[in-house]
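The following block contains the structure, expressed as structure tokens.
Per chain, numbering begins at 1; letters A, B, ... match sequence-line order.
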Amino acid sequence: MRLLSIELYKLWHNRISKILIFSYFILIFSIAILSTIKVEIGPINFHLADQGIFNFPYIWHFNSFMIGLLKIFFAVIIVAMIGNEYSYKTLKQNLIDGLSKEEFLRSKVYAILAFVGISTLLVFLISLVLGGIYSDYNELQIVFSDLEYLLAYAIKLFGFFSLCLFLGLLIKRSAFALGFLALWQIIEGICFGLMKWKLSDLIPSHSAEQIFRFFPLNAMGNLIKEPFSRLSAIQNIADQIGEGFTKDYGVSTLNLCIVLAWSSLFLWWSLLLLKKRDL
Amino acid sequence: MSNILLQLDQLSKSFGNLKAVDQLSLTLEKGNVYGLLGPNGSGKSTTLGMILNVINPTSGSFSWYQGALTTHQALKKIGAIIERPNFYPYMTASQNLKLICKIKQCSHESIEEKLILVGLWERRHSKFKTFSLGMKQRLAIAAALVNNPDLLILDEPTNGLDPEGIHQIRKLITSIAELGTTILLASHLLDEVEKVCNHVIVLKEGVKFYEGPVDEISQSFGFFELKATDRKILTDFIKTLPEVKEMKLESNHLKVFLKAELSEEVLSKKLAEANIYCTHFVKKHPSLEDQFLTLTQS
């Protein structure tokens, strides 16, 4: 608690991070705005909320995916909270004042956990309310099924933020760390492309995908698959043109484990990096 | 309770091939005011960095409170200022100090007292980034004192300050020393050390060169500055004296360093007996600065 309060104190008194944190949580609420989208052009009367996106239990999937896209906002805060400690040299001062390197890292991790917790709770509440208003099914059994998407959401965020924390520590400068994060995404894509292209002679192409699912960012992305093609409206269209989907939209335990393993690796590397470095 | 605050045992740090600190052993005891002397790059800051948990030693070890506390626990009872004051620029003076109290787990009560002591109480609600360097440095001193530390470590506290700032900081250090706080003051400014310290440690190229009470380092037998019309006769005579350690010709004066007590009275009598009369005859005691230069240059 002491470590968490130290970190929150640092964030709370920084106007920029305060604004970012608030806007993040406000943006989460903005998903509710989707429900008000109504298009009325002559005979076509389209109301997004009526398309079933807010049906239980599908809403858990839809909201956790959509709100998950906002995580990049929070990545900025996390990378900045590490970058600042380096550029203000306050990391050095914190250590001199008697914070151990491990405690320093723990204070950051606790802050991340707190925000992941709040964020997940918000997703839960918003989905519950939106679903309550728009869902066609309101039986308790259906309402509270498929809650594993929330677990996946929390772990996805935690994994992503651990990566941000590690990159922040590794690179020390917030802007470069964010750039590197983007680069990482591109490198993963290139690796996948190369594997598919070059290794296809050696191994069948699906094994490239098998390997690729162990890449950190891809593993995080795989946790919650895109929900759009699961919408009944789109499914219907697909059926009509004879392209039926047989996609598994579930949350796979293996993916959860991969992301958790990456998170612990990132945190472990962060600690090693902190311990090894002279300041 | 033992008086030993800190012990260094063969502590070394290398940066690549450069040995910044080489097998340094030291013991700091409560109640003393230590001066850590050495020219720039002699390993002072590296040594302090190691005992303050920000630089990993290459070899050797150190222990706080004879190993009764881990380093980071011990640092909560220490106050330290290194090179430049590092605070969160977006927080005010008192917010910064409160954060330090959270880290050190000490009460917030003394914040007011320390801010008054360093003369920043009026500016407590100003953001750190609006402070001048002198004010930043004074805030750093307040921060280092906020837990009423057992040991106050100051690394070049007057570096980069204007004369008035230097004066303010020195006055502050002297008054803190008078309160009985144990201080370790690293500096290359010798008069600074001479004025406040009772114990000095001299480092040169990472090696401990001298350690002892400050009056012992300046307690030598002194030297004479002599001048005579016929320099050769004077030089030849001085050479025969058993008390003489060495002679140097410096801007027309003959500087005669002693290795045993030789009073002005005795020397002038001896010179007169040899029929030598000086045009210039002074006995001087070297300042710490002279001592330091002879120590580190030899």
Side-chain angles (χ1 to χ4, degrees), chain A residues 1-22 76-77 80-108 110-111 114 169 172-174 270-279, chain B residues 13-15 20 45-46 48-58 64 69-92 94-106 127-129 136 139-140 143-144 146-147 149 152-155:
Chain A
M1 271 328 272
R2 167 178 158 257
L3 296 174
L4 180 62
S5 82
I6 288 174
E7 188 52 42
L8 293 184
Y9 190 92
K10 290 177 189 169
L11 288 172
W12 186 249
H13 288 98
N14 188 343
R15 199 189 303 149
I16 297 173
S17 56
K18 202 155 60 175
I19 291 172
L20 276 173
I21 290 169
F22 274 117
V76 177
I77 301 171
M81 82 189 185
I82 302 284
N84 282 348
E85 302 275 6
Y86 275 103
S87 52
Y88 302 150
K89 295 198 175 164
T90 40
L91 166 57
K92 196 170 174 179
Q93 194 61 46
N94 283 175
L95 297 183
I96 290 170
D97 288 334
L99 207 63
S100 72
K101 289 177 175 177
E102 196 194 319
E103 280 179 334
F104 176 81
L105 190 65
R106 265 165 49 201
S107 79
K108 302 286 179 201
Y110 291 163
L169 275 170
K172 302 185 197 171
R173 293 276 174 279
S174 343
S270 303
L271 186 63
L272 287 186
L273 204 61
L274 259 182
K275 287 213 160 146
K276 212 185 108 229
R277 256 196 207 145
D278 290 333
L279 291 163
Chain B
K13 176 70 187 178
S14 315
F15 295 108
S45 298
T46 311
L48 296 182
M50 284 191 282
I51 59 173
L52 293 174
N53 205 15
V54 290
I55 296 177
N56 300 315
T58 310
W64 286 99
L69 295 177
T70 64
T71 304
H72 83 94
Q73 284 170 327
L75 291 182
K76 288 178 187 164
K77 305 171 84 178
I78 305 299
I81 303 172
I82 39 154
E83 301 145 29
R84 320 204 117 248
N86 302 322
F87 291 96
Y88 294 89
Y90 53 82
M91 288 189 206
T92 66
S94 62
Q95 284 170 347
N96 265 302
L97 291 192
K98 269 186 205 144
L99 178 65
I100 287 166
C101 285
K102 272 172 179 284
I103 291 175
K104 288 192 184 272
Q105 294 176 292
C106 63
K127 291 212 159 108
F128 175 70
K129 60 184 168 200
K136 287 178 177 175
L139 181 64
V146 82
N147 57 341
L152 179 64
I153 295 178
L154 302 163
D155 186 7

Item to complete: Answer yes or no: is there a side-chain heavy-atom contact under 4.5 Å between B:Tyr90 and A:Lys10?
Response: yes
Fill in: Which atoms of A:Ser107 approach chain B - backbone, side chain, both or neither, heavy atom under 4.5 Å
neither
Worksheet, complete the sentence: To the nearest 0.5 Å, atom NZ of A:Lys101 lies from atom CG of B:Asn53 at 6.0 Å
Worksheet item: Under a 4.5 Å heavy-atom cut-off, does chain A meet the side chain of B:Ile82, its backbone, both or neither?
Response: side chain
Worksheet entry | When B:Ile51, B:Val54, B:Ile55 are compared by non-hydrogen pairs under 4.5 Å with chain A, the top option | B:Val54
Discussion item. Would you compute the distance between atom NZ of B:Lys104 and atom CG of A:Asn94 and round it to the nearest 0.5 angstrom?
Written reply: 10.5 Å
Worksheet, complete the sentence: Across all chains, not counting sequence neighbours, the salt bridge (Lys or Arg N to Asp or Glu O under 4.0 Å) partners of A:Arg277 are none
Discussion item. To the closest 0.5 Å, what do you measure between CD1 (B:Ile103) and CD (A:Glu103)?
Written reply: 9.5 Å
Discussion item. Do A:Asp97 and B:Leu75 make a side-chain contact, defined as non-hydrogen atoms from C-beta onward lying under 4.5 Å apart?
Written reply: no
Worksheet item: Does atom CZ of A:Arg106 have more than 12 heavy-atom neighbours from other groups under 6.0 Å away?
Response: yes
Worksheet, complete the sentence: Distance col, row A:Tyr9:OH vs B:Tyr88:OH, nearest 0.5 angstrom, shows 11.0 Å
Fill in: Heavy-atom side-chain contact between B:Asn56 and A:Asp278 under 4.5 Å
yes
Worksheet item: Are more than 12 heavy atoms from other residues, nucleotides or ligands located less than 6.0 Å from atom NZ of A:Lys89?
Response: no
Worksheet, complete the sentence: Given A:Ile6, A:Ile16, A:Asn84, A:Leu3, the one with more heavy-atom pairs under 4.5 angstrom with chain B than any other is A:Ile6
Fill in: Heavy-atom proximity to chain A below 4.5 Å, by part of B:Lys127
side chain
Worksheet item: What's the spacing between B:Met91 CE and A:Trp12 CH2 if we round to 0.5 Å?
Response: 13.0 Å
Worksheet entry | Heavy-atom pairs under 4.5 Å with chain A, option from B:Met50, B:Gln73, B:Gln95, B:Lys13 with the top count | B:Gln95
Discussion item. Within the structure provided, determine whether B:Lys102 and A:Arg2 are in side-chain contact (heavy-atom separation under 4.5 Å).
Written reply: no
Response to the item:
Answer key: most heavy-atom pairs under 4.5 Å with chain B among A:Ile96, A:Leu95, A:Leu279 is A:Ile96
